[in-house]
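To start, the structure itself, in structure tokens.
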2 protein chains.
Amino acid sequence: MDEHERTEQDSGIATRANGSRDGNAASHGTTVDRVVAQLREGVMNGTLPPGQRLVEADLTRDYGISRGPVREALRRLSAEGLVELVPNRGAVVRRLSYRETIELFEIRLPLECQAARLATAAIDHGDNRDRFNAAITPIWSDAPRRYGTAYHEENREFHEAIFAICGNRQLADLCRRLQLPLIMLQLSGVMTPAMYADSVAEHREIARCILAGDAEGAAAAVWQHLRRAQGIVEHMPASTFRQGEPD
Amino acid sequence: MDEHERTEQDSGIATRANGSRDGNAASHGTTVDRVVAQLREGVMNGTLPPGQRLVEADLTRDYGISRGPVREALRRLSAEGLVELVPNRGAVVRRLSYRETIELFEIRLPLECQAARLATAAIDHGDNRDRFNAAITPIWSDAPRRYGTAYHEENREFHEAIFAICGNRQLADLCRRLQLPLIMLQLSGVMTPAMYADSVAEHREIARCILAGDAEGAAAAVWQHLRRAQGIVEHMPASTFRQGEPD
DNA sequence: ACGCTCATTATTGTCCTACAATCTCGTCTA
DNA sequence: TAGACGAGATTGTAGGACAATAATGAGCGT
């Protein structure tokens, strides 16, 4: 249902087409927060495809704000890794090269393992066990998984459940930022039902270890989970990635 | 007028890799780069102590530039973790709480282990072995270590040598950013000669594993190395850290 | 004296305009 | 055809202005 009806404006910025699922940011945020949220949303839901240029002048017009906040929003998204800033050339929605994608997995692997370890250690602090159980209920469902973004969402929420109880806010933030980048979206496009099944089984194993207090088991399960995902990415068509690596 | 852009994601820029070997921004960098470099320098050498306020108006005056670049420099340093941005209050040189410090170690641990693994795997690519050997020669010296910043520098360069050959630029950048934060500086103030000896011995063990191709051994050695450093930090006086945790 | 409200001040957030610096691209020339 | 060149597009920076917000301190009543 999301069309490519972006042929009217120069840079096709999603003015208001998206249904702003996270309306909270718009409420008390500053102008910059609002713009960052909207641009992020646009990138995540595909309205702003990788490689799309983000011209300051267009953004000031589309959002009705001045260049100051626009520039700051772009820097912030750049720090998040969602857009790329080229000196004197402006910002474009980031497009990962094959190598960068693998590099991100090499970072996520040990990091999410650590998050799983810490989550296991903290599972009985406060109401962590209850919150964790509540957050991961979907993974126990035997209903067949829906394709694409639907499962992508279940996956994201499962990992988020781990970050949420790991007790290390900086680690959690870092993991979230590394998960954002759009590989996941592209990933959901090439997954087969069998792959979904594998993924769900791995989620269950991870959850089992965490709930049982087996930190190293959880870490190993996360490692295996991400390695398999990395394997899928490695077999994606070259056209998925940005070409022309330096080096 | 010309309407041939934005047809797809091939808006031309995507293939433009960053050609900037950003060795040192001071040379041909933009205004912002210059300010960032100077402020970073000030934070690292103690001219700007933790907690020091960085008021935009003062900086515009001191550096003779307008507010735009000043603001951008502060955001960039904030992304680096060197300054803290408080809404409507401005920027202050970051001061880590005890908990934040521990959290950073929990991130560095698995990350630097991974860097050591990757470095071991890449030790025989290109001239990595030669470069690595050249960079770590100081650790083999039997001369007694000098206190304080002198050893701090040797330590930093040793870890840098690992990052440099690990083959994962994003991981290396991340590790560097996590090392920056000023714990290390404060750390060098409380170390005894025995601690220096331990640290050097651990460096040698790490180097031995990497050169011998023992990835897991190197990872384990890095783990132990950082755990010991973390142990030292845990026993530092409370006054070292920022008080008053949010939460 | 004490605590509270309220004006004052300091500082950031945003807008505006303008110009310099740099990049892109089409055209013209040799 | 290759290369120089110039026009247009876009970012980088300057400078001034005002609004929004948080810290400060004075005055007030009890």
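Worth knowing before you read on, the calculation uses all heavy atoms, side chains too, and leaves out hydrogens, waters and symmetry mates. A note on names: the letters A, B, ... follow the listed sequences, proteins ahead of strands, and every chain is numbered from 1.
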Acceptor/donor pairs from residues 67-76 of chain A side chains to any protein atom, 3.5 angstrom cut, sequence neighbours excluded:
{"residue": "A:R67", "atom": "NE", "partner": "A:E56", "partner atom": "OE1", "Å": "2.9"}
{"residue": "A:R67", "atom": "NH2", "partner": "A:E56", "partner atom": "OE1", "Å": "2.9"}
{"residue": "A:R71", "atom": "NH1", "partner": "A:E56", "partner atom": "OE2", "Å": "3.0"}
{"residue": "A:E72", "atom": "OE2", "partner": "A:R76", "partner atom": "NH2", "Å": "2.8"}
{"residue": "A:E72", "atom": "OE2", "partner": "B:R75", "partner atom": "NH1", "Å": "3.0"}
{"residue": "A:R75", "atom": "NH1", "partner": "B:E72", "partner atom": "OE2", "Å": "2.9"}
{"residue": "A:R76", "atom": "NH1", "partner": "A:D33", "partner atom": "OD1", "Å": "2.7"}

Checklist line | Intermediate values then yes/no, side-chain contact (heavy atoms from CB on, under 4.5 Å), B:L82 and B:R94 | finding: CA-CA 6 Å; B:L82 282 182; B:R94 190 176 180 192; 5.9 Å; no
Next item on the list: Give the rounded distance in Å between these two atoms: CZ of A:R34 and C1' of C:dG13.
Entry: 13 Å
Next item on the list: Kindly determine whether A:E84 and A:R95 satisfy salt bridge (charged side-chain N to carboxylate O under 4.0 Å, His left out), including the steps that lead there.
Entry: CA-CA 8 Å; A:E84 200 171 351; A:R95 186 171 192 188; over 6 Å; no
Margin query: If I take atom CZ in residue A:R53 and atom C1' in nucleotide D:dA9, what distance separates them, rounded to the nearest angstrom?
Written below: 8 Å
Item checked: Side-chain donor/acceptor contact of B:R67 with base of C:dG13 under 3.5 Å -> yes
Next item on the list: Report the C-alpha separation of B:E112 and B:I162 in whole Å, then their side-chain angles, then the decisive distance to 0.1 Å, and conclude whether the side-chain contact (heavy atoms from CB on, under 4.5 Å) test is met.
Entry: CA-CA 9 Å; B:E112 296 210 23; B:I162 298 178; over 6 Å; no
Notebook entry, point to check: According to the interplanar angle, ranging from 0 to 90°, do the rings of A:Y98 and A:F241 count as parallel (below 30°), tilted (30 to 60°) or perpendicular (above 60°)?
Noted result: perpendicular
Check: Can you tell me how far P of D:dA14 sits from CZ of B:R61, to the nearest Å?
Finding: 16 Å
Next item on the list: Examine C:dT14: is either OP1 or OP2 under 4.0 Å from a nitrogen or oxygen in the side chain of A:T31? Give yes or no.
Entry: yes
Notebook entry, point to check: Separation of B:D33 atom CG from C:dT22 atom P, in whole Å?
Noted result: 13 Å
Next item on the list: Strictly below 4.0 Å, heavy-atom distances to any atom of DNA chain C: list the hits from residues 68-76 of chain B, or just say none.
Entry: B:R71, B:R75
Next item on the list: Can you tell me the distance, in whole Å, between the CD atom of B:E56 and the P atom of D:dG15?
Entry: 16 Å
Check: How close or far is atom C1' of D:dT13 from atom CG of A:N88, stated in whole angstroms?
Finding: 11 Å
Notebook entry, point to check: What integer distance in Å separates A:I65:CD1 from C:dT14:C1'?
Noted result: 9 Å
Item checked: Residues forming a side chain to side chain donor-acceptor pair (under 3.5 Å) with A:E160, sequence neighbours excluded -> A:R176
